J.: 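The structure under discussion is supplied below as structure tokens; questions concerning it will follow.
All values below were derived from every heavy atom in this structure, side-chain atoms included, with hydrogens, water molecules and symmetry-related copies excluded. These numbers come from a predicted model, not from an experiment.
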Amino acid sequence: MEQKSKMLRHRYAAVRTAGGEPVSYGGNQAWLFDADQRAFGCGLIAAADILRYLGGAPAELEKEKYLEEINTLAGHFHLRGKLGINGFGLARGMNKAFRKSGFPYRAKWSVGRRRLMRRLSEMLESDIPVLLSVGPGFFHKEERLPLYRKQADGTFQRVSSMRDHYVVVTGWERPEKGEPGQEDFGMLRISSWGEMYYISFDEYLGHVKKYDNFLFSSILYIRAYG
């Protein structure tokens with residue numbers, strides 16, 4: 001039977017915090033340099049972690065070194081105060097970083113509803129982390145997308161929620177066979193605030209359709225060329 005689940009092939013960024021504390025799962029915008037970055041720097045963190053992964057950098061590093069890398073990278077991105085970085089700005093910044101580093105990739109923001117799942121699957125299959133947005137939902141600011149943690153027995157427990165946020169998808173867990181007549185799109189494993197969470201892909205698609213749109217809530221489509 002075809003295995004639908006897809007995972008990155010290598011370890012994701014793991015930052016050792018001060019005092020030898022346990023490593024994170026990706027970066028954490030709470031470590032950044034000023035109040036606006038700490039509140040609205042999720043796109044910068046996501047971009048930095050993806051660039052580290054695609055560049056083949058060692059997964060584990062000290063927090064001080066990680067922040068040095070972020071500080072160097074920040075010049076490619078324009079964080080507009082409380083507006084953060086929009087998807088098109090992320091694509092421009094990533095392409096600048098790709099060119100400077102000589103990485104054979106190109107980034108484009110937003111792929112539309114019909115191609116979203118196909119592009120996400122394609123990227124994970126190509127071992128490329130996926131920057132995904134949960135949009136601002138301007139007229140539905142009270143609505144938030146649930147976040148889950150995976151339990152030892154394989155079930156998922158809701159632990160938090162989010163809106164107006166960028167995360168990085170590092171895996172897609174899908175059941176091999178769903179109920180007759182019902183498609184189960186499974187769970188996306190993500191990095192957010194230095195932690196591993198899961199979101200329901202079904203809930204994500206429903207949330208965007210009802211409370212946002214597939215321009216603000218989409219992915220940064222990255223593909224190799226040459």
Side-chain angles (χ1 to χ4, degrees), residues 8 11-18 23-103 105-111 120 123 128-136 145 147 160 162-170 188-197 199 212 215-222:
L8 294 180
R11 189 182 183 193
Y12 196 61
V15 183
R16 294 191 296 270
T17 54
V23 296
S24 69
Y25 188 69
N28 186 339
Q29 68 198 71
W31 301 334
L32 293 178
F33 312 103
D34 60 46
D36 281 345
Q37 288 184 337
R38 290 189 290 273
F40 307 103
C42 51
L44 178 59
I45 290 291
D49 289 351
I50 291 171
L51 286 165
R52 292 197 92 254
Y53 189 90
L54 294 178
E60 192 167 320
L61 75 166
E62 298 289 346
K63 180 180 175 183
E64 182 178 345
K65 174 64 176 175
Y66 180 81
L67 290 176
E68 288 176 4
E69 293 183 5
I70 294 286
N71 195 38
T72 300
L73 180 67
H76 295 306
F77 299 89
H78 188 73
L79 196 155
R80 300 175 182 273
K82 294 182 179 180
L83 295 177
I85 308 171
N86 66 33
F88 298 103
L90 280 170
R92 286 193 298 270
M94 289 293 275
N95 286 326
K96 287 180 184 178
F98 288 150
R99 288 193 295 270
K100 182 175 181 180
S101 301
F103 292 175
Y105 298 97
R106 287 292 180 267
K108 174 185 176 182
W109 177 252
S110 186
V111 296
L120 192 149
M123 287 178 63
I128 300 174
V130 183
L131 190 155
L132 177 141
S133 169
V134 179
L145 182 71
L147 288 170
S160 189
M162 65 176 176
R163 63 172 292 275
D164 201 11
H165 191 46
Y166 293 110
V167 302
V168 178
V169 179
T170 63
L188 300 179
R189 185 181 69 189
I190 65 169
S191 167
S192 176
W193 293 93
E195 300 282 345
M196 181 189 294
Y197 295 106
I199 60 174
D212 203 64
L215 177 62
F216 293 122
S217 293
S218 191
I219 65 171
L220 186 69
Y221 176 50
I222 298 173

J.: Tyr197 versus Val167: any side-chain heavy-atom pair under 4.5 Å?
T.: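 Sidechains of Val167 and Tyr197: no contact.
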J.: Any non-hydrogen side-chain atom of Arg99 less than 4.5 Å from a side-chain atom of His76?
T.: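 Side-chain contact under 4.5 Å: no.
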J.: Could you tell me if the side chain of Leu132 sits less than 4.5 Å from the side chain of Val168, heavy atoms only?
T.: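 SC-SC contact between Val168 and Leu132 ruled out.
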J.: For Glu68, look at atom CD and say whether over 12 heavy atoms of other residues, nucleotides or ligands are found less than 6.0 Å away.
T.: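 Atom CD in Glu68 is packed in, count exceeds 12.
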J.: Return the minimal non-hydrogen interatomic distance between Ile222 and Ala107, and the atom names on each side.
T.: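 Reported closest heavy-atom pair: CG1-CB, 4.0 Å.
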J.: With side chain to side chain contact (heavy atoms under 4.5 Å, CB included) as the test, would you mind laying out the steps for Met94 and Leu54 before giving the verdict?
T.: CA-CA 12 Å; Met94 289 293 275; Leu54 294 178; 5.5 Å; no
J.: Say you draw a straight line from CG of Leu90 to CG of Asn95; how long is it, rounded to the nearest 0.5 Å?
T.: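 If we round to the nearest 0.5 Å, Leu90:CG and Asn95:CG are 11.0 Å apart.
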J.: I need the minimum non-hydrogen distance between Ala97 and Leu73, along with the two atoms involved.
T.: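 Scanning both residues, the minimum pair turns out to be CB-CD1, 4.1 Å.
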J.: Please step through side chain to side chain contact (heavy atoms under 4.5 Å, CB included) for the pair Ile219 and Leu131, ending with a clear verdict.
T.: CA-CA 6 Å; Ile219 65 171; Leu131 190 155; over 6 Å; no
J.: Look only at the side chain of Tyr66 and the backbone of Arg16, and say whether a donor-acceptor pair between them is shorter than 3.5 Å.
T.: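 No: the side chain of Tyr66 does not pair with the backbone of Arg16.
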J.: Quick one: pull up CE in Met162 and OG in Ser192 and give me the separation to the nearest 0.5 Å.
T.: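 So the gap between those two atoms works out to 6.0 Å.
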J.: Please tell me if the side chains of Gln29 and Phe40 come closer than 4.5 Å, counting only heavy atoms from C-beta onward.
T.: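 In short, these two side chains do not touch, never coming nearer than 4.5 Å.
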J.: Does the side chain of Pro136 reach to within under 4.5 Å of the side chain of Arg163, using non-hydrogen atoms?
T.: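 Yes. Closest side-chain heavy atoms under 4.5 Å.
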J.: Kindly indicate, with the supporting measurements, whether the criterion side chain to side chain contact (heavy atoms under 4.5 Å, CB included) is fulfilled by Val169 and Ile199.
T.: CA-CA 10 Å; Val169 179; Ile199 60 174; 5.8 Å; no
J.: Look up atom CD1 in Ile45 and atom CH2 in Trp193, then write down how far apart they are to the nearest 0.5 Å.
T.: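 Ile45 atom CD1 to Trp193 atom CH2 measures 9.5 Å (nearest 0.5 Å).
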J.: Does any part of the side chain of Tyr25, heavy atoms only, come nearer than 4.5 Å to the side chain of Asp49, both counted from C-beta?
T.: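 They are not in side-chain contact.
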J.: For residues Trp31 and Ser24, report the shortest heavy-atom separation together with the two atoms involved.
T.: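 Distance-wise, the nearest heavy atoms are CH2-OG, 3.8 Å.
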J.: Is any side-chain heavy atom of Ser133 closer than 4.5 Å to a side-chain heavy atom of Phe216?
T.: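 Counting from C-beta outward, Ser133 and Phe216 never come under 4.5 Å.
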J.: Please round to the nearest 0.5 Å and tell me the distance separating atom CD of Glu60 and atom OH of Tyr12.
T.: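 Separation between the atoms: 15.0 Å.
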J.: I'd like to know if the side chain of Thr170 pairs up with that of Tyr53 as donor and acceptor (distance under 3.5 Å, no hydrogens or angles considered).
T.: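 Their side chains do not contain a donor-acceptor pair, so the 3.5 Å distance test is not met.
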J.: In this structure, which one of Leu8, Leu220, Ile128 forms a side chain to side chain contact (heavy atoms under 4.5 Å, CB included) with Met123?
T.: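 Answer to the side chain to side chain contact (heavy atoms under 4.5 Å, CB included) test with Met123 among Leu8, Leu220, Ile128: Ile128.
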J.: Enter the distance from Leu51:CG to Lys100:NZ here, rounded to the nearest 0.5 Å.
T.: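 Answer rounded to 0.5 Å: 11.5 Å.
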J.: Closest approach of Ile70 and Ala48, non-hydrogen atoms and distance?
T.: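 It is CD1-CB, 3.2 Å.
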J.: Over all heavy atoms of both residues, which pair between Lys63 and Val15 is shortest? Give the atoms and the distance, please.
T.: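 Nearest pair, atom of Lys63 first, then Val15: CA-CG1, 3.4 Å.
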J.: Looking at side-chain heavy atoms only, is the closest gap between Arg52 and Leu61 below 4.5 Å?
T.: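 Contact flag for Arg52/Leu61 side chains = yes.
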J.: Taking all non-hydrogen atoms of both residues into account, name the closest pair between Leu32 and Gln37 and its distance.
T.: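 Nearest heavy atoms, Leu32 then Gln37: CD1-O, 3.5 Å.
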J.: Which word best sums up how the rings of Phe98 and Phe103 line up, parallel for under 30°, tilted for 30 to 60°, or perpendicular for over 60°?
T.: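 Rings of Phe98 and Phe103: tilted, as their planes differ by 30° to 60°.
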